[in-house]
Amino acid sequence: SFVTYHMYGIIRELITACITETPDLFDIATEVAVVGGVMINRRKGGDFFQPLSFETSRKGETPVDLFEEAFGARPNLLPVIRSTSAMTRASIY
């Protein structure tokens, strides 16, 4: 799972770059919402989507973090990742 969360961070950075580096994006949209997370495959009880981010962006404005409003408190991933610096590098919170 350690690698999964780091892959999430890499993909989040790529998606953020796509949004910020596409100059004509807001010519066709006034707002872009992005929900990010990881899929957790379980043997029993079905798979589970673990949301890790939910932001909206508008042209020329700072993204708005809607995670806690939509999903509640953020999960404590420190026991899985085991390093606050690794969490920062993976763009988690």
With side chains defined as the heavy atoms from C-beta onward, is the minimum distance between [X] and [Y] less than 4.5 Å?
X: F49; Y: V35; answer: yes
X: T56; Y: L66; answer: yes
X: M39; Y: F48; answer: no

Open item on the list: So that I can tick it off, tell me whether K59 and D24 are bridged by a salt bridge, with the cut-off set at under 4.0 angstrom between side-chain N and carboxylate O.
Closed with: no
Would you compute the distance between atom [atom1] of [X] and atom [atom2] of [Y] and round it to the nearest 0.5 angstrom?
X: T16; Y: I11; atom1: OG1; atom2: CD1; value: 11.5 Å
X: T22; Y: I28; atom1: OG1; atom2: CD1; value: 9.5 Å
X: L52; Y: L77; atom1: CG; atom2: CG; value: 6.0 Å

Closest contact, heavy atoms only, [X] versus [Y]:
X: I15; Y: V34; answer: CG2-CG1, 4.2 Å
X: L78; Y: N76; answer: N-OD1, 3.1 Å
X: P51; Y: F67; answer: O-CE1, 3.3 Å
X: G36; Y: Y8; answer: C-CE1, 3.8 Å

TODO: Indicate, with yes or no, if V64 and V32 share a hydrophobic cluster defined by side-chain heavy-atom contacts under 4.5 Å among Ile, Leu, Val, Met, Phe, Trp and Tyr.
DONE: no
TODO: Provide the full list of salt bridge (Lys or Arg N to Asp or Glu O under 4.0 Å) pairs with a residue in residues 49-58, sequence neighbours left out, each pair given once.
DONE: R12-E55, E31-R58
